[in-house]
Amino acid sequence: MRSLFTTTALTAVCLMGTPALADITPEEAWEAYRGQMAQMGMESTAEVTREGDTLVVRNMVYGVEMDLGEITVTTTTTAPEIRFQEQSGGTVGMWFVEPLNSISVTPMGPDLDGTMTDDTMETRSTMKIDGVSIISGSPEDLLFTFENSAIEMTNEPVLMDDQMIQPGLTAKIIGIGGTYTLAQRDGGLTSDMDITASALTYDFDPMDTETGDKVDMGFAANDMTITGSFSLPEGEHADFMQSIFGESAMDITMAMAGSTSSIVIESDAPGGGMKIDAATGGSTLDMTLQDGAIGYDATVEDLNVIAAGAQIPGGQVNVAMKSYNTALLFPLAASEELQPFELRLGMEELVLPEIAWMIADPTGQLPHDPASLRIALDGTLENGMDLFDVAAMTALEENDGEMPFKVETVNIPEIFLNLAGATIKGEGTGHFLDQEAAVPGGMPPFAGKLSLNMVGVTDLITKLSSAGILPPEQAMSAQMMLGLFARPGETAGELVSEIEMTEDGQIIANGQPLPF
């Protein structure tokens, strides 16, 4: 489904929609776009006729192949009729008369015994595009402008041996407006976009489970924006994965004002059935691709989840969070130089339902304050293989080879945990030694420093023991470890710990070597 969505969505955006002003004819608009599609690896065929002031393109067919080692996924799309009409001011209006039809074919690959099979999985979809796009500029620099357009995409369910592999799906985007460019610049294809949409919805077809239950899922978002740019070097790009992840550049930001989603499980069993509703406030997703490194940074505000059902104590639970953030930067391309990586995870003011506290803390020993967690990692690594080279990665897996990248340095800019009245803050840095791992297949020796500041941790351990959550012997062991690794800070209940792992294998806590 991923390849199908990628190619059809790309076609929808590109064909819908500042270069220097210039007159452009329907023929020039069509040929320019067709050539730029070819540069992206989508060769096309079509029947083209001129009818008065309109160029009519019928039965346009194009495809994309994704080489995944032993199998190749092919996606073919047909546009029954597209019209390019002369407009005032030297522009061209373009619209789709009928929906696009796509089919993606995925071979199932080898059986468990390694023999190849002829079985394939087919995913079929239709995409209806409403609205007229105005094309302006020159053949080398096209500008697509559109407003109040809409896209509706329907995926048929995928079945194999009478078993549902993938449910059917209907997705709609309405109130689409903005601009999109396709330009030949610096020896390659460059696209800039500034697009808004009033609403996005998608609904899965009901699914029957093995137990006889029925599952319904849906999602809706409002006030969406997509801004950014994408570039692809000049030349033929037969390897789809190489051209996208190894040669392209991307910097795109997506945002929405809010969203809702739901999962409904209907069951005839006594006490069965459940409904889960989730809502969010503003959300953003930044996606980057540069020099073979891929990155994303996602933030969701005001997350609220409600689960209701007869089997849930009290009939309903609610989990809320002020914000959630996750980010990643990782080099996919091979390089002889060290390359940076980053990883971040954050949850702010997580509020657990009271039923969870009743189970975990029946005697009310612990504060029920919202919890927060932030962890940030970054560093450098060596990568000896293009991780988008599917054939090479498949051979590596089949030969039980080691991962082709090796972490060199690790930094911890932030550790933060606030839970049940206790707070832990920390930071650290270190590097892996150029030595063999003590255990075959394990990590090599590590040297570095970690600084921690802890407030209320001793009291929390005592309360956990009093509540019966932590057995007394484990509580005593935890208190002894704190005494070994930490020293009292400047304020009551504060502990400070400076831990160092030296290159000769020693562990030093607060300036004192530990006897192990």
Query raised in the report: Does D192 offer a backbone N or O that forms a donor-acceptor pair with the side chain of T181 under 3.5 Å?
Result: yes

Query raised in the report: With a 4.5 Å limit on heavy-atom distance, are the side chains of T123 and T106 in contact?
Result: no

Report summary line: Distance col, row I103:CD1 vs T74:OG1, nearest 0.5 angstrom, shows 8.0 Å

Query raised in the report: Is T170 close to F204 at the side-chain level, that is, under 4.5 Å between some pair of heavy atoms?
Result: no

**Report entry** No-hydrogen, no-angle side-chain donor-acceptor test under 3.5 Å, Q85 and Q87
**Finding:** yes

**Report entry** Side chain to side chain, L387 and F245, heavy atoms closer than 4.5 Å
**Finding:** no

Query raised in the report: CD of E81: more than 12 outside heavy atoms within 6.0 angstrom?
Result: yes

**Report entry** Contact check, side chains of T25 and E27, non-hydrogen atoms, under 4.5 Å
**Finding:** yes

Query - Test item: N383 side-chain N/O and P331 main-chain N/O as donor-acceptor pair under 3.5 Å - result: yes

Requested in this report: Look only at the side chain of T91 and the backbone of S136, and say whether a donor-acceptor pair between them is shorter than 3.5 Å.
Outcome: no

Query raised in the report: Got S104 and V73 here, is their nearest side-chain heavy-atom distance under 4.5 Å?
Result: yes

**Report entry** Side chain to side chain, V300 and M321, heavy atoms closer than 4.5 Å
**Finding:** no

Query raised in the report: Does the side chain of T288 pick up a donor-acceptor pair with the side chain of D251 at under 3.5 Å?
Result: no

Query raised in the report: Can you list the steps and then say if E348 with K322 is a salt bridge (charged side-chain N to carboxylate O under 4.0 Å, His left out)?
Result: CA-CA 6 Å; E348 300 292 338; K322 183 178 180 180; over 6 Å; no

Report task. Any chance you could measure L381, atom CG, to L338, atom CG, to the nearest 0.5 Å? Result -> 8.0 Å

Query raised in the report: Is the closest side-chain heavy-atom distance between I82 and F96 below 4.5 Å?
Result: yes

Query raised in the report: Is the backbone of T380 close enough, under 3.5 Å, to the side chain of T409 for a donor and an acceptor to pair up by distance?
Result: yes

Query raised in the report: With no hydrogens and no angle check, is any side-chain donor or acceptor of T126 less than 3.5 Å from a backbone partner on L100?
Result: no

Query - Spacing of L303 atom CG and E349 atom CD [to the nearest 0.5 Å] - result: 13.0 Å

Requested in this report: Look up atom OG1 in T284 and atom CG in D297, then write down how far apart they are to the nearest 0.5 Å.
Outcome: 6.5 Å

Query raised in the report: Between R34 and S44, is there a donor-acceptor pair closer than 3.5 Å when you use the side chain of the first and the backbone of the second?
Result: yes

Query raised in the report: Is there a side-chain contact between L350 and Y324, using heavy atoms and a 4.5 Å cut-off?
Result: no

Report summary line: CD1 (I176) and CD (E147) are apart, to the nearest 0.5 Å, by 12.5 Å

Report task. Would you give the length of the straight line joining atom CD1 of I265 to atom NZ of K214, rounded to the nearest 0.5 angstrom? Result -> 13.0 Å

Report summary line: Exactly one of E98, E47, E51 clears salt bridge (Lys or Arg N to Asp or Glu O under 4.0 Å) with R58, and that residue is E51

Report task. Would you kindly say whether T429 and N411 are connected by a side-chain donor-acceptor distance under 3.5 Å? Result -> yes

Query raised in the report: Would you call the rings of F330 and F405 parallel, tilted or perpendicular if under 30° counts as parallel and over 60° as perpendicular?
Result: perpendicular

